[in-house]
Amino acid sequence: MQYWLMKSEPDVYGFDDLKKEKTDHWDGIRNYQARNFMRDQMVKGDLAFFYHSNCEDPGIAGIMKIRKSAYPDFTAFDPNEKYYDPKSDASNPRWYMVDVQYVRRLKRFISLRELKQHKQLQNMRLLQRGNRLSILPIQKKEWDYILKLENQAPKK
DNA sequence: GCCAACGTTGGC
DNA sequence: GCCAACGTTGGC
């Protein structure tokens, strides 16, 4: 059982979109490290934070569950898709995706700004400088700590 | 919109 | 295989 953090831009696909869809595929990952995490380590039943990135108030919106382990990202095969990759085809797929399922919204939004204020979280990969990976593993103790924050008033 | 920090590409 | 140029991510 592993824990993850997965980023999405809320203007493109936010937590509300997943809530509406209930289950969806996590397509468009075009980074090898992120792909390897999905393909090699993510399994059905893992839990992930849904993180809103590249927006006014980045942070963790909710929780989802891995519903289906990695399979080829078919959006890479379609020239009409934004993340089309001519070097990937069905016989030799380069990119993979997983299916995720909506679990629940956090009791309150936990912003990146807030996460940075907790020294217990300072080693999170999310908080390391220069980090750009859109899929990151989270340690269980970090996961548990963040869930405890839900029930506390945010630090100023 | 800026720009730091990466990742990728391609010439050599 | 090196590395400069370019593209992308994502916080601010």
Side-chain angles (χ1 to χ4, degrees), chain A residues 2-21 24-42 46-64 66 70-100 102-103 105-139 142-143 145-150 152-156:
Chain A
Q2 287 220 63
Y3 299 92
W4 304 94
L5 180 141
M6 298 167 77
K7 300 179 183 176
S8 186
E9 302 189 16
D11 293 345
V12 179
Y13 189 91
F15 193 60
D16 285 337
D17 295 304
L18 178 61
K19 182 176 185 183
K20 194 161 51 186
E21 298 293 331
D24 216 338
H25 50 270
W26 201 266
D27 64 301
I29 299 297
R30 299 292 181 269
N31 170 282
Y32 288 104
Q33 254 187 292
R35 178 203 69 181
N36 292 346
F37 279 137
M38 269 199 308
R39 189 189 58 185
D40 305 335
Q41 295 188 40
M42 250 183 209
D46 283 358
L47 292 172
F49 286 132
F50 193 118
Y51 179 90
H52 283 170
S53 68
N54 199 16
C55 55
E56 196 169 328
D57 192 15
I60 298 169
I63 298 173
M64 55 191 173
I66 307 306
Y71 59 103
D73 182 340
F74 50 78
T75 68
F77 309 150
D78 182 351
N80 298 315
E81 285 282 348
K82 180 176 178 194
Y83 294 108
Y84 170 62
D85 183 351
K87 293 176 186 150
S88 187
D89 62 54
S91 66
N92 186 22
R94 174 176 294 203
W95 305 114
Y96 287 78
M97 59 187 172
V98 296
D99 285 353
V100 295
Y102 173 88
V103 174
R105 185 183 299 282
L106 291 191
K107 291 172 191 166
R108 63 185 186 82
F109 185 81
I110 297 181
S111 68
L112 175 63
R113 194 179 56 80
E114 180 175 353
L115 293 173
K116 286 177 171 172
Q117 291 170 348
H118 293 270
K119 64 174 183 293
Q120 294 89 337
L121 300 175
Q122 67 186 3
N123 291 324
M124 275 183 80
R125 295 187 65 159
L126 176 71
L127 303 184
Q128 304 314 304
R129 78 184 312 221
N131 155 68
R132 300 187 315 176
L133 270 184
S134 60
I135 294 180
L136 295 166
I138 289 202
Q139 293 178 20
E142 294 165 345
W143 177 275
Y145 186 84
I146 291 167
L147 286 185
K148 269 189 237 163
L149 293 181
E150 259 191 313
Q152 300 168 202
K155 279 189 187 178
K156 259 290 171 253

With sequence neighbours left out, what residues match A:N54 under side-chain hydrogen bond (donor to acceptor under 3.5 Å, both in side chains)?
A:E9
Pairs satisfying salt bridge (charged side-chain N to carboxylate O under 4.0 Å, His left out), at least one member in residues 30-41 of chain A, at least two apart
A:R30-A:D73
Give the B/S/- string for nucleotides 4-12 of chain C, one per nucleotide from 5' to 3', where a protein heavy atom under 4.0 Å of the base yields B, of only the sugar-phosphate yields S, and otherwise -.
---BBBBBS
Assert: residue with more 5' nearest nucleotide on DNA chain B, out of A:G130 and A:K87, is A:G130
Taking only residues two or more places apart in sequence, or in another chain, which ones meet A:R125 in a salt bridge (charged side-chain N to carboxylate O under 4.0 Å, His left out)?
none
List for me each residue that meets salt bridge (charged side-chain N to carboxylate O under 4.0 Å, His left out) alongside A:E114, sequence neighbours excluded, and say none if there are none.
A:R108
Residues which pass side-chain contact (heavy atoms from CB on, under 4.5 Å) with A:Q128, listed by chain and number, not counting sequence neighbours
none
